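Let me begin by presenting the structure, written as structure tokens, before commenting on it.
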Protein chains: 2
Amino acid sequence: MLSAIMEDYLKAIYYLQEETDDRVRTSVLAEYMDVEQPSVTSMVKKLAERDLVHHEPYKGVELTDTGIPIALEIIRHHRLLERYLTDHLEYGWAEVHDEADRLEHHISNQFADRIAEQLGDPAVDPHGDPIPTAELDISAPKCGETLADHHVGDSVRIERVPDEDADLLRYLSDHGIHRGTEVEIVEVTSFGMVTLDPDGADEPVALPEKIARSISAQPLSENPS
Amino acid sequence: MLSAIMEDYLKAIYYLQEETDDRVRTSVLAEYMDVEQPSVTSMVKKLAERDLVHHEPYKGVELTDTGIPIALEIIRHHRLLERYLTDHLEYGWAEVHDEADRLEHHISNQFADRIAEQLGDPAVDPHGDPIPTAELDISAPKCGETLADHHVGDSVRIERVPDEDADLLRYLSDHGIHRGTEVEIVEVTSFGMVTLDPDGADEPVALPEKIARSISAQPLSENPS
DNA sequence: GAAAAGAATTAGACTGGGCTAAATTTATAA
DNA sequence: TTATAAATTTAGCCCAGTCTAATTCTTTTC
């Protein structure tokens with residue numbers, strides 16, 4: 001059996017590997033896990049002993065074929081929990097992350113499968129990230145067009161929002177933007193401010209272009225609900 | 001903050017104190033927690049330092065006024081989770097304990113309150129043990145009349161079953177007995193065998209008298225559903 | 001291609017929770 | 001009342017996961 005901490009490392013390595021598509025450097029992992037580098041080195045050794053990661057000293061670390069499904073299992077738990085918390089327990093978009101981060105290590109697969117069933121086997125979590133199936137298949141994350149790729153006057157549907165920044169999620173949520181919300185782009189300034197008009201909202205919402213570029217959005221016609 | 005292990009100790013002390021109504025001996029606690037005695041002594045010291053228990057060396061331990069609400073919080077989590085698992089996630093009577101035992105330490109009070117709300121603030125868990133309220137009030141456990149206190153021909157409703165023995169729970173469940181089931185007592189032998197006819201079951205169910213004496217049951221008229 | 005800078009690792013210590021073996025206290029029995 | 005048995009605690013060790021300080025390997029830069 002693995003400790004919750006070990007599972008967290010595997011999950012982190014999975015995420016970082018997804019981003020960089022290369023071996024994960026221990027410094028990056030240390031930063032992500034919020035620990036010092038030697039802690040990473042020693043943990044990586046333990047994971048390597050169990051054949052969950054491959055460690056090339058001084059070069060970085062990557063998940064083995066044994067490690068990947070374990071990471072996916074945790075990610076499945078996490079994203080299902082997030083979906084369950086928002087859909088069934090009235091949690092807000094911004095509140096789910098911490099709760100799911102704790103519980104993901106402690107629910108059984110049976111629990112995960114049951115809530116998946118209750119939710120109708122959802123494909124994505126509340127932020128739009130794909131949920132691995134019970135067989136641990138995972139579809140590629142949506143990272144096609146972003147809010148910044150569209151033009152004034154376009155109407156788009158919010159597909160995916162980065163889940164790391166709770167303040168951002170709270171801000172969006174407070175201004176009527178969720179996954180699936182239709183928004184019209186009403187202004188794009190030369191100094192990097194994007195203004196949106198979310199369907200059903202009282203007021204327009206302004207976002208820095210940097211943020212807009214991190215939010216996936218599809219034109220309405222291409223992806224009918 | 002307390003570790004999950006510390007919370008488990010507090011919960012254990014609460015249960016044992018409830019049973020014996022006296023200071024809990026470290027040997028009893030060691031037995032219950034399935035660890036050796038010195039482990040208990042050292043943990044008890046840590047809990048005493050935090051003023052969660054009062055430890056009289058060589059005499060035993062008891063919860064302080066600081067420790068009691070923490071134990072009750074955990075017990076609330078545990079029993080709400082059990083109820084949630086059976087009522088909303090189709091878990092069987094016998095399966096809930098382990099899952100709840102892990103999750104109780106990791107759900108937030110918010111989570112507990114939300115599922116309590118969804119369940120309609122239930123008073124008891126699936127075994128009939130009382131669930132503390134959000135204010136941590138707990139009603140006295142039902143331990144009045146047992147199956148062994150009634151006579152052949154009496155019809156009673158199952159109120160409460162000890163939750164420690166998963167095999168027993170599975171057996172009862174397989175034979176159509178749950179909390180709230182109405183059963184008629186059809187035979188009581190001189191050699192300590194009690195036979196019941198559960199409402200809606202195909203066959204009668206036999207139980208040793210020792211077990212029957214651990215199951216609370218009220219006459220139908222006294223406690224209408 | 002050597003020296004400085006940066007990244008990663010090793011060494012060694014600390015905390016939490018557990019264990020065994022030894023010492024001590026309390027309870028029992030002669 | 002003293003001797004023995006039983007319960008408890010102390011002493012000292014182990015493992016997991018973290019840390020700081022020191023070392024070693026890589027990379028960059030002149």
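Source: prediction; values computed, not measured. Chain letters run A, B, ... following the sequence lines, proteins first, then strands; residues in each count from 1.
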Kindly write out the residues that satisfy side chain to side chain donor-acceptor pair (under 3.5 Å) with A:S39, not counting sequence neighbours, or none if the list is empty. none

Rounding to an integer number of Å, can you tell me how far B:L29 CG sits from C:dG17 C1'? 14 Å

Terminal axis angle for the helix from C:dG1-D:dC30 to C:dA30-D:dT1, five pairs an end, nearest 10 degrees: 10°

Atom CG of B:L2 and atom C1' of C:dG17 are separated, to the nearest Å, by 14 Å

Residue-level proximity of residues 38-46 of chain B to DNA chain C when a heavy atom falls under 4.0 Å: B:P38, B:S39, B:M43, B:K46

Counting only side-chain N and O atoms of B:S27, is one of them less than 4.0 Å from OP1 or OP2 of D:dT8? yes

B:M6 atom CE is separated from C:dG16 atom C1', nearest whole Å, by 8 Å

Aromatic contact, B:H77 with B:H105 (centres under 6.0 Å): no

Contact under 4.0 Å: A:T26 side-chain N or O vs C:dT9 OP1/OP2: yes

Integer-rounded Å distance: D:dT28 P and A:Y58 OH: 17 Å

For the pair made of CZ in B:R50 and P in C:dG16, what is the distance, rounded to whole Å? 8 Å

Measure the CD1-OG1 distance between A:I68 and A:T64 for me, rounded to the nearest 0.5 Å. 7.0 Å

Could you check whether any side-chain heavy atom of B:I131 comes within less than 4.5 Å of a side-chain heavy atom of B:H78, counting everything from C-beta outward? no

Do the side chains of A:V40 and A:E31 get nearer than 4.5 Å, heavy atoms only? no

Judged by each residue's nearest nucleotide on DNA chain C, which is more toward the 5′ side, B:A4 or A:H55? A:H55

Pair B:E56 + B:R23, salt bridge at N-O below 4.0 Å: yes

Plane angle bin for A:Y84 and A:F111 - parallel if under 30°, tilted between 30 and 60°, otherwise perpendicular: perpendicular

Atom CZ of B:R179 and atom CD1 of B:I215: how far apart are they, to the nearest 0.5 Å? 14.0 Å

Taking the side chain as everything from C-beta on, heavy atoms only, tell me whether A:H178 gets closer than 4.5 Å to A:S173. yes

In whole angstroms, the gap separating C1' of D:dT26 from CD of A:Q37 amounts to 13 Å

Describe the nucleic acid contact of A:M33 in one word from base, sugar-phosphate, nothing, applying a heavy-atom distance below 4.0 Å. nothing

Of A:D34 and A:P57, the one whose nearest nucleotide on DNA chain D sits closer to the 5' end is A:D34

Within less than 4.0 Å of OP1 or OP2 of D:dA7, is there a side-chain N or O belonging to B:R25? no

Rounded to whole angstroms, how far apart are CD on A:E7 and C1' on D:dG17? 15 Å

Could you tell me whether the phosphate oxygens of C:dG16, OP1 or OP2, come under 4.0 Å of any side-chain nitrogen or oxygen in B:S3? no

Could you state the CG-P distance from A:L47 to D:dT18, rounded to the nearest angstrom? 11 Å

Quick one: does any side-chain atom of A:R76 pair with a main-chain N or O of A:P132 as donor and acceptor, under 3.5 Å? yes

Just N and O in the side chain of A:Y9: are any of them under 4.0 Å from OP1 or OP2 of D:dA16? no

